[in-house]
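Residues take their numbers from the sequence shown, with the count starting at 1. One-based numbering, in listed order, for ligands and for the atoms of each.
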Amino acid sequence: MDKIVALCKRRGFIFQSSEIYGGLNGFWDYGPLGTELKRNLKDFWWRRMVRERDDVVGMDGSILMNRQVWVASGHENTFTDPMVDCRNCKSRLRADQLPEKNGRKQCPVCGSFDLTEPRAFNLMFKTYVGATEDESAITYLRPETAQAIFVQFRNILEVSRKKLPFGIAQIGKAFRNEINPRNFTFRSREFEQMELEYFCRPENGLELLEYWLQERLRFYRDIGLSSESLHVHKIPPEECAHYSKGTYDIEFEFPFGIQELEGVAYRTDYDLNQHQKASGKPLDYFDEESKQHFIPHVVEPSAGVDRTALALISAAYDEEVVTDEKGKSETRTVLRFHPRMAPIKCGVFPLLKNNELLVRQAREIVDQLRGEMMVFYDETGAIGRRYRRQDEAGTPFGVTVDFDTIGENGPALRDTVTVRHRDSMEQERIAIKELAAFLGERIR
Ligand code: ATP
């Protein structure tokens, strides 16, 4: 994990938020490469979950909502972790994560047994809307994106004219005042979620839960997480939320252990029911066949952008010893991202930076590819060094413009370039006019 954190900082995937002021615990900034990685992940989720389907539409809700949303959803009263305080070192600790010694709960920080009784600690960040900071102005930064979908259910049903089963998808920020932000970005206080609420008839809920579990596993495999690194944990009924008729956690083998990436939960009609009761506005569905009104049930696959990005980086990280033509060995650090997720798809290199023809040709290739994919032009240093720098950024392809390209060694290889593959380090010769298609089909 230390190596991954160091690489993320060195190469500009992830920085500590407000770093020059000492940071802020649980908050992170994504640098140029991290931002591209997250964007590729979110775009692919959107493509799979919305654009490639007839039965899902998107929405983009506000982060602050009427406080009554959080009262009705149960978050104001119950979105809590039971906490204890250590009277000795004053640490605040999650009651369900305390180590025990001889049957007694112990403070993991100082070892004291002098702990308070567990108390509820609300995980929502409170804020005030408007000029006065009184009770009537209170609301919360949303701790999940899902509630905006539930409260807009009727509007979206009407405008989209969808029939059950259908879903509403959303990607956006969520905030939780986690007690113990840890494991790098895994548990943060500000993070992004990708959530789908898939509404259905009550009789189809259980079957759709299984369907969405399989769909989501397919998604993770398609972004390059191996089946062996993914685990499905079926939550025992007694540990499920009281309204849930079944929940799966999709877990990933992080360097710090097997941990949740996504929850796939069958939430029944709980949320729509709660909001219908609290708002007094109908949130039901009219079934034209049976001429009946009822509240749809919902299956929710809820994934974390940041956790998945961290999983992608962890899975991609590799070190290998390579030996060059002169017999010299060195360790190569390489991020083996699936090309679809890689922040930069292609590096473009003129063999020499002081040869005008090479540089001009390389620049033309950059211009040609730029509309299609993220490319990176690099002319400084030995070509081997430039390849290594892109290996560390996870760039799957390197294109080198050399003297053959500009026809200096005869016409046979004129207007062709070397394409170097990151994982195998093998090289092949491709015509410039075929480059966009060659790369395009490999990164989609
Ligand atoms: P955990 O048990 O790890 O706290 P959770 O079960 O509370 O997670 P959900 O409420 O199911 O999480 O949220 C759905 C998804 O949102 C999670 O699977 C995770 O990917 C993401 N997520 C939740 N909390 C955080 C967090 N503090 N930091 C980063 N991502 C998070």
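In this structure a side-chain-to-backbone donor-acceptor pair under 3.5 Å is missing from S112 to C107.
Ranking protein heavy atoms by distance to atom 22 (N) of ligand 1, first place goes to F191 CE1, 3.5 Å. The shortest contact between atom 28 (N) of ligand 1 and any protein heavy atom is with S188 N, 3.0 Å. When only non-hydrogen protein atoms are considered, atom 15 (C) of ligand 1 lies nearest to S302 O, 3.7 Å. E260 OE2, 2.7 Å is the protein heavy atom nearest to atom 18 (O) of ligand 1. Shortest contact from atom 4 (O) of ligand 1 to any protein heavy atom: R187 NH1, 2.7 Å.
Ion pairing of R189 with E178 is absent here, as no side-chain N (NZ or NE/NH1/NH2) approaches a carboxylate O to less than 4.0 Å.
Between Q193 and ligand 1, at least one N/O pair is under 3.5 Å apart. The shortest N or O to N or O distance between T185 and ligand 1 is not under 3.5 Å. The shortest N or O to N or O distance between F186 and ligand 1 is under 3.5 Å. For R176, a nitrogen or oxygen atom sits less than 3.5 Å from a nitrogen or oxygen atom of ligand 1, counting backbone and side chain alike.
Each of Q147, K281, Q68 was compared with H275 under the side-chain hydrogen bond (donor to acceptor under 3.5 Å, both in side chains) criterion, and only Q147 meets it.
Ligand 1 has L261 within reach: a non-hydrogen atom of the residue lies less than 4.0 Å from it. Using a 4.0 Å cutoff on heavy atoms, R307 counts as a contact of ligand 1.
Looking at S229 and Y220, their side chains never bring a donor and an acceptor atom within 3.5 Å of each other. In this structure, a donor-acceptor pair under 3.5 Å is present between the side chains of E428 and H421. With 3.5 Å as the limit, one finds a donor-acceptor pair spanning the side chains of T380 and D378. No hydrogens or angles considered: nothing links the side chains of E319 and T333 as a donor-acceptor pair under 3.5 Å. D55 and Y198 share a side-chain donor-acceptor pair at under 3.5 Å.
Counting non-hydrogen atoms of other residues, nucleotides and ligands closer than 6.0 Å to CZ of R444 gives a total of 12 or fewer.
In the vicinity of G304, heavy-atom distances shorter than 4.0 Å reach the ligand 1 atoms 20 (O), 21 (C). For ligand 1, the atoms lying closer than 4.0 Å to a non-hydrogen atom of E262 are 18 (O).
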